[in-house]
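Just the heavy atoms: all of them, side chains too, but no hydrogens, waters or symmetry mates, feed the values below. As the structure is a computational prediction, the values presented were derived from the model and not from experiment.
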Amino acid sequence: MSELESELVRRRLTKLDKLRARGIDPYPHRYRRSHTVRQALDLFVSSEQSGACEPTTDTVSVGGRIIVFRGMGRATFADLVDGSGRVQLLFRRNNLPDLYDLLADLDIGDWLGATGPLFRTRTGEITVEVRKFTVLSKAIRPLPEKFHGLVDVESRYRQRYLDLISNEESRRVAVLRSRIVSGVRRFMESRDFIEVETPTLVPVAAGATAHPFETHHRALDRKLYLRVAHELYLKRLVVGGLEKVFEIGKVFRNEGIDLMHNPEFTMLESYEAFADYNDVMSMVEDLVYSLTAEVLGSPVVEYDGRSIDFTPPWPRLDLCAQIREHSGIDILALNDIEPLKAAMKSVGVEVSQQRSWGGLVDKLVSARVEPNLIQPSFLVDYPVEMSPLAKRRTDDSRLVERFEGFVAGGEICNAFTELNDPVDQRARFEEQEALRDRFHDEEMDRMDEDFLVAVEHGMPPTGGLGIGIDRLVMLFSGHPSIREVVLFPQLRSR
RNA sequence: GGGCCGGUAGCUCAGUCUGGUCAGAGCAUCGGACUUUUAAUCCGAGUGUCCUGGGUUCGAAUCCCAGCCGGCCCA
């Protein structure tokens with residue numbers, strides 16, 4: 001702590017001592033408020049509307065944080081904020097003969113309980129005329145500046161509590177996120193899915209193309225991983241006869257951090273027996289559309305300067321056709337790495353980082369197709385090489401029944417008709433393992449023998465889905481950075 | 001991993017190009033005035049690891065190098 005900062009803290013600690021010397025506990029165990037700020041304001045307004053010429057209310061007790069003082073000698077105004085809103089307090093010496101001097105030992109940032117009748121000042125502001133007040137928690141560090149608030153992005157992430165105190169927008173996003181998650185839950189439950197919890201610590205980090213975090217369990221003396229997806233455990237449950245399951249939870253990927261990626265993020269996954277990817281597509285549309293209605297009140301959101309309309313149906317776009325249209329490349333005709341790489345180079349797509357055929361296609365899609373997918377849309381029917389857990393199409397065994405949803409040029413979901421043929425599934429895992437060995441690529445999906453045994457016991461026809469919750473919150477809140485929708489984003493240690 | 005931008009008081013920011021009364025402002029804090037203010041107002045005061053470490057120079061917040069942290073773009 002710097003000299004000056006410690007000086008500011010020291011002054012507040014002195015006030016703390018002065019409060020205690022008066023016999024006041026600056027950190028009482030409890031305080032019963034009669035009204036939230038919102039309720040108190042509503043009470044006064046309804047009292048006014050009842051037609052009395054002198055609107056009066058019973059005494060209210062409110063509690064909250066003091067965010068500003070306006071001292072005027074023998075009267076002092078203060079603004080008090082709680083979770084529901086802000087209300088002005090007026091302290092007048094003649095109303096507080098014993099307590100008024102105590103104000104000198106209060107600071108911006110302190111939590112206070114205040115009791116008194118409500119009235120309207122001559123400028124029209126509803127105000128508590130304080131007759132009694134109680135220190136609820138003395139703050140010994142100063143709050144950010146009252147007008148600009150906390151602006152420094154790094155401080156906002158590292159000390160999110162200060163961001164929440166200072167910035168209305170941060171509070172809005174936190175609440176919006178909660179509404180989205182609970183809306184997703186209600187939607188899934190309304191369709192008779194049951195919510196389950198599967199392991200976060202897993203022996204095999206399978207189920208997605210991703211680099212896992214590793215850890216070690218001491219008692220078992222074995223390496224464990226943080227899950228990169230929920231997928232394989234949820235499918236085990238479908239094998240077990242839980243026909244409609246979903247999980248909302250963190251998954252962890254040990255990869256780069258940027259605008260769209262945090263190492264831990266929240267994913268909804270669902271699996272539904274007797275459904276295929278067409279059913280899942282309809283469900284995604286319904287889910288997202290109903291969420292917009294529920295939390296935004298409109299199917300149209302403004303994002304990155306564009307209006308995005310989530311009203312179903314969203315176009316189904318054939319992946320290979322889209323690639324042809326936007327790059328001129330026919331990936332199905334170039335089923336080897338080098339020819340595809342050469343074709344991509346010739347149209348100006350950077351390929352130096354890509355080693356596998358699937359990786360090249362992925363790059364081609366993100367470079368040429370995704371930027372065009374502004375309005376909600378689905379890309380359907382992916383090459384089998386990049387989809388080791390999806391079921392092949394009956395009419396073309398090079399493709400699988402898989403789709404991804406895109407909005408504003410970014411992916412929001414990934415889904416397929418699940419591969420339930422245990423022989424094919426084993427072969428696909430073996431291909432992934434071979435690719436990993438060949439390219440030394442830790443991102444390739446992993447053989448999960450225990451999962452294969454489950455599938456060998458018979459998995460019904462099933463449609464599965466993964467939706468990135470963080471992406472939805474970004475879209476709904478209008479923020480292009482995942483760090484704005486995650487309360488505590490990952491940062492380097494200082 | 002590469003490029004660009006940023007880091008100055010508790011907070012919000014000037015000052016850096018052009019090295020030399022450049023250690024500044026506002027808010028906050030402290031003292032004083034004020035009983036209907038609301039970014040209250042008025043008078044007065046204190047406050048710094050100029051991100052860190054080197055270097056150049058008579059002299060560095062300012063120029064150079066390296067590093068740390070953050071942001072954006074690219075990979």
Side-chain angles (χ1 to χ4, degrees), chain A residues 1-15 18 66-81 85-97 99-101 103-110 116-131 139-163 165-167 255-262 304 344-345 348-355 359-360 362-364 366-367 371 409 479-484 489-494:
Chain A
M1 210 185 304
S2 73
E3 288 285 319
L4 179 62
E5 189 175 7
S6 65
E7 172 65 14
L8 292 170
V9 170
R10 195 188 57 73
R11 286 201 160 120
R12 285 174 176 236
L13 285 172
T14 301
K15 293 177 180 177
K18 285 167 71 183
I66 299 296
I67 57 160
V68 64
F69 278 110
R70 290 179 290 278
M72 307 202 49
R74 284 177 281 278
T76 297
F77 290 92
D79 289 348
L80 178 138
V81 166
R86 182 193 66 84
V87 68
Q88 180 169 262
L89 309 179
L90 172 57
F91 303 85
R92 292 175 18 146
R93 180 178 278 284
N94 56 340
N95 287 330
L96 297 158
L99 280 174
Y100 195 82
D101 291 342
L103 290 177
D105 295 328
L106 299 186
D107 285 295
I108 290 169
D110 292 352
L118 292 157
F119 75 107
R120 223 180 249 283
T121 63
R122 63 174 165 231
T123 51
E125 175 138 4
I126 301 171
T127 301
V128 179
E129 185 166 303
V130 180
R131 300 294 163 86
I140 62 169
R141 283 178 184 266
L143 244 38
E145 194 236 15
K146 65 181 173 188
F147 186 54
H148 301 91
L150 186 66
V151 171
D152 180 67
V153 175
E154 187 175 350
S155 301
R156 290 182 45 240
Y157 297 160
R158 290 191 194 276
Q159 295 180 278
R160 184 68 90 180
Y161 46 93
L162 294 179
D163 184 34
I165 292 168
S166 301
N167 297 312
E255 293 160 11
I257 297 174
D258 62 27
L259 274 189
M260 301 287 273
H261 299 89
N262 195 53
D304 200 18
M344 286 170 63
K345 264 187 199 162
V349 177
E350 161 65 40
V351 292
S352 62
Q353 300 294 309
Q354 302 304 326
R355 286 170 289 195
L360 286 167
D362 202 51
K363 174 71 192 178
L364 188 52
S366 55
H479 286 286
S481 168
I482 192 172
R483 294 181 210 91
E484 291 294 341
Q490 196 65 43
L491 299 175
R492 283 177 211 274
S493 52
R494 228 173 354 190

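Between A:K146 and the phosphate of B:rG10, there is no side-chain N or O to OP1/OP2 separation shorter than 4.0 Å. Taking 4.0 angstrom as the limit, A:R11 places none of its side-chain polar atoms (N or O) nearer than this to OP1 or OP2 of B:rC30.
The partner of B:rA14 cannot be assigned: no Watson-Crick or G-U wobble pair with both contacts below 3.5 Å exists in any strand. Across all strands shown, the partner of B:rA45 is B:rU29, judged by Watson-Crick or G-U wobble contacts whose two distances both fall under 3.5 Å. Under the Watson-Crick or G-U wobble criterion, with both distances below 3.5 Å, B:rG59 is left unpaired in every strand shown. Judged by Watson-Crick or G-U wobble contacts below 3.5 Å, the nucleotide B:rG70 has B:rC5 as its partner. Using Watson-Crick or G-U wobble geometry with both donor-acceptor distances under 3.5 Å, B:rG53 finds its partner in B:rC65.
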With the sugar-phosphate defined as primed atoms, P, OP1 and OP2, and the base as all remaining atoms, what B/S/- string results for nucleotides 70-75 of chain B, 5' to 3', for protein heavy atoms under 4.0 Å? SSSS-S

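With distances taken from any side-chain atom of A:V68 to the nucleotides B:rU36, B:rA40, B:rA39, the minimum falls on B:rA40. Nearest to the side chain of A:V151, among B:rC13, B:rC34, B:rU36, sits B:rC13. The side chain of A:R122 lies closest to B:rU37, out of B:rU37, B:rC27, B:rU35. Ranking B:rA40, B:rC30, B:rG10 by closeness to the A:M72 side chain, first place goes to B:rA40. Taking the side chain of A:E145 as heavy atoms from C-beta on, and the options B:rA28, B:rU37, B:rC11, the nearest nucleotide is B:rC11.
Between A:E484 and A:R156 there is a salt bridge, since at least one side-chain N of the basic residue sits less than 4.0 Å from a carboxylate O of the acidic one.
A donor-acceptor pair is defined here as one N or O able to donate and one able to accept, closer than 3.5 Å; no such pair exists between the side chain of A:S166 and the backbone of A:D163. Between the A:D110 side chain and the A:A139 main chain, a donor and an acceptor come within less than 3.5 Å of each other. Looking only at distances, no side-chain donor or acceptor of A:Q159 sits under 3.5 Å from a matching main-chain atom of A:L162. Between the side chain of A:E129 and the backbone N or O of A:R131 there is no donor-acceptor pair closer than 3.5 Å. Judged by distance alone, with hydrogens and angles left aside, the side-chain atoms of A:Y100 form a donor-acceptor pair with the main-chain N or O of A:A75 at under 3.5 Å.
Only the C1' atoms considered, B:rC27 is 9 Å distant from B:rA39, to the nearest whole Å. Nucleotides B:rC50 and B:rG19 have their C1' atoms positioned 15 Å apart, rounded to a whole Å. For the C1' atoms, the distance from B:rC17 to B:rC64 is 15 Å, rounded to whole Å. Nucleotides B:rG24 and B:rU56 place their C1' atoms 27 Å apart, quoted to the nearest Å. When the C1' atom is used for both B:rG3 and B:rA14, the distance is 28 Å, rounded to whole Å.
Distance, A:Q159 CD to B:rC69 P: 18 Å, rounded to whole Å. Rounding to whole angstrom units, CG of residue A:L89 and C1' of B:rU37 are separated by 13 Å. Residue A:F77 contributes atom CZ, which lies 9 Å from atom C1' of B:rA40 at whole-angstrom precision. If you measure from atom CG of A:D105 to atom P of B:rU29, you get 13 Å, rounded to the nearest angstrom. Rounded to whole Å, the distance from CG on A:L8 to P on B:rU29 is 9 Å. Between the P atom of B:rU37 and the CD atom of A:E129 lies a distance of 14 Å, rounded to the nearest Å. Rounded to whole Å, the distance from CZ on A:F69 to C1' on B:rA39 is 16 Å. Counting to the nearest Å, the P atom of B:rA28 and the CD1 atom of A:I67 are 12 Å from each other.
Between A:I482 and A:M260, the closest side-chain pair of non-hydrogen atoms is not below 4.5 Å.
As judged by a 4.0 angstrom heavy-atom cut-off over every strand, A:G149 is placed among residues touching the sugar-phosphate backbone only.
Test A:R11, A:K15, A:R141 against A:D107 for salt bridge (Lys or Arg N to Asp or Glu O under 4.0 Å) and you get one pass: A:K15.
In terms of position on RNA chain B, the residue among A:K15 and A:S155 whose nearest nucleotide sits closer to the 5' end is A:S155. Mapping A:R92 and A:I108 onto RNA chain B via the closest heavy atom, the residue that lands nearer the 5' end is A:I108.
Judged by distance alone, the side chains of A:Q490 and A:Y157 never bring a donor and an acceptor atom under 3.5 Å apart.
A donor N or O paired with an acceptor N or O is not found under 3.5 Å between the base of B:rU37 and the side-chain atoms of A:E125. You'll find a donor-acceptor pair under 3.5 Å spanning the side chain of A:R70 and the base of B:rU37, going by distance alone.
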